[in-house]
There are 2 protein chains.
Amino acid sequence: MEKSTSLQHYVRGPHRRGEIAKAARTLIVEKGYAALRTRDVAERVGISLSTMHFHVATKSDLVALVAETTMDAFLSLLPPAPSPDMPAQKQLRTEVQAYYDSLLEHGELAACYVQLTQAASDEPRIRPMLEAFEQGWSQRFADILHIGREQGVFRANVSPLPAALVITGALTAFGTRGPGKLEMFWPVFDEIERGLLAIDPKGKDT
Amino acid sequence: MEKSTSLQHYVRGPHRRGEIAKAARTLIVEKGYAALRTRDVAERVGISLSTMHFHVATKSDLVALVAETTMDAFLSLLPPAPSPDMPAQKQLRTEVQAYYDSLLEHGELAACYVQLTQAASDEPRIRPMLEAFEQGWSQRFADILHIGREQGVFRANVSPLPAALVITGALTAFGTRGPGKLEMFWPVFDEIERGLLAIDPKGKDT
DNA sequence: TGAAGAATCGATCATATGATCGATTTATGG
DNA sequence: CCATAAATCGATCATATGATCGATTCTTCA
């Protein structure tokens, strides 16, 4: 239990903030925001509580840092912005697939997002961030739906924004439920898609 | 600040547990489960911390008590169980209307439910309760959808359970968002309904 | 090479919080 | 009307937790 020989103490630059943010996110996902302890974060990084406070002054700052990095990471996983020149049904699938992949490969992000939602009552600073994120995400779906309606692939009476809220609402539910519950993901999306598609009897047009 | 003349101390019977549960629920809704303090609950009821512990031994017991009473209260607001002999579209509306009413008149219940979801990590005892509740609620919608499909009011290719998850997922999102966001409730539901209804060209049958 | 500053640590503080204990007060049945 | 149990309270404990302080070690660069 004695210190290993090669411990390279003393990390320079802003690297430690990244490590701290990551550790905090992991702990938030594992035990929930309510159980987040600055001590545990420091221990996870392998530094003392004091050092941790040196890099991130207060717990409030820590939460804000986690919120920033988490949502940035999430946004970087999204496909290109919706385009009127691409088939809408495919764009919808792609968008949802990206979310599904994020749940599989980066489940921490969605799970952490849910926790941050709870943290918002303690930390009003992060609320605007969360709202902007959620609104932006819904808008992507609304854009796709609008495009698809123009293209005639979706029902003519689709209301883009409400329909987008249906999608984000239904899919967000999978972020909260633990893994294993993911088996209903595609059945749920398929059901949504069936409800959106224009009835195209016999594939004839006009 | 001196004790009012007529303070009827000493409440007999199990009445205090009810008061405590109610106070705890209110506080959970106001400030979130993470900020729930046994002291605050006691103060809200108007008793000392010791008395509070006399009636509800531990904080864990308190949370379990809140979970029980909250879900019981919620269930009591639901309409009669789905019936194959009634028009499914109307039953669906009724079911959703009941939920909407509960959000308006008893927003504490849905809000508290969301908080209890978070509490589940600290308090494993309440997890089975929450799961049973959620499963039961989704099943009600699944039953209605199945009935409606048989009746021909809903698409023949509706999958009851996935569609039910779409509904509960989309509607649950309104429980988390604060009031004021409720204006999108019915547009969202109308969109869901449009996606479910069988195309009934010109209202002719067979 | 030798300040100067960046990074780290151990010790400690101040407070919050769940829980316990013993004493006291009140209602109730016999 | 009084003895017993239920209900209440104040004081206190034990611990958890965010934060601070001063000393120490390492890195950098002039």
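Because the structure is a prediction, the values reported are computed rather than measured. First the proteins, then the strands, lettered A, B, ... as listed; each starts at 1.
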*Considering only side-chain heavy atoms of A/S50, which listed nucleotide, D/dC21, C/dT28, D/dC26, is closest?*
D/dC21
*Determine, stepwise, if the pair A/R93 / A/E193 fulfils salt bridge (charged side-chain N to carboxylate O under 4.0 Å, His left out).*
CA-CA 9 Å; A/R93 279 265 167 192; A/E193 193 181 47; 2.9 Å; yes
*Distance in angstrom units between B/M52 CE and C/dT20 C1', rounded*: 14 Å
*Specify whether B/Y99 and B/W137 have parallel, tilted or perpendicular ring planes, treating 30° as the upper limit for parallel and 60° as the lower limit for perpendicular.*
tilted
*Whole angstrom is fine here: how far is it from CD in B/E43 over to C1' in C/dT17?*
14 Å
*List the steps and the verdict of salt bridge (charged side-chain N to carboxylate O under 4.0 Å, His left out) for B/E19 and B/K22.*
CA-CA 5 Å; B/E19 289 184 284; B/K22 180 130 188 170; over 6 Å; no
_Whole angstrom value for the distance that separates C1' of D/dC26 from CD1 of A/I47_ = 16 Å
*Can you label the angle between the B/Y113 ring and the B/F133 ring as parallel, tilted or perpendicular, going by 30° and 60°?*
tilted
*C/dG5 phosphate, OP1 or OP2: any side-chain N/O from A/R12 under 4.0 angstrom?*
no
*Of B/H55 and A/L49, whose nearest nucleotide on DNA chain D comes first from the 5' end?*
B/H55
*Given D/dC26, C/dG18, D/dC21, which nucleotide is nearest the side-chain atoms of B/K59?*
C/dG18
*When you look at A/I167 and A/L92, which way does the side chain to side chain contact (heavy atoms under 4.5 Å, CB included) test go after all the steps?*
CA-CA 10 Å; A/I167 297 175; A/L92 181 58; 4.1 Å; yes
*Ion pair check, A/R44 and A/E30, cut-off under 4.0 Å*: yes
_What is the distance, to the nearest angstrom, from the OH atom on B/Y10 to the C1' atom on D/dA7?_
5 Å
*Enumerate the residues from residues 30-42 of chain A whose closest heavy atom to DNA chain C is under 4.0 Å, giving them by residue number; use none for an empty result.*
none
_Spacing between B/L27 atom CG and C/dT17 atom P, to the nearest angstrom_ = 12 Å
_Without decimals, in angstroms, what is the distance between B/H15 NE2 and D/dT8 P?_
11 Å
*asked:* For A/E131 and A/Q135: C-alpha separation, side-chain torsions, deciding distance, then whether side chain to side chain contact (heavy atoms under 4.5 Å, CB included) applies.
replied: CA-CA 6 Å; A/E131 281 173 9; A/Q135 209 258 325; over 6 Å; no
*Starting at NE2 of B/H53 and ending at P of C/dA19, how long is that distance when rounded to a whole Å?*
4 Å
*Give the rounded distance in Å between these two atoms: CD of A/E19 and C1' of C/dA7.*
13 Å
*Answer yes or no: does a side-chain N or O of B/S48 lie under 4.0 Å from OP1 or OP2 of D/dC9?*
yes
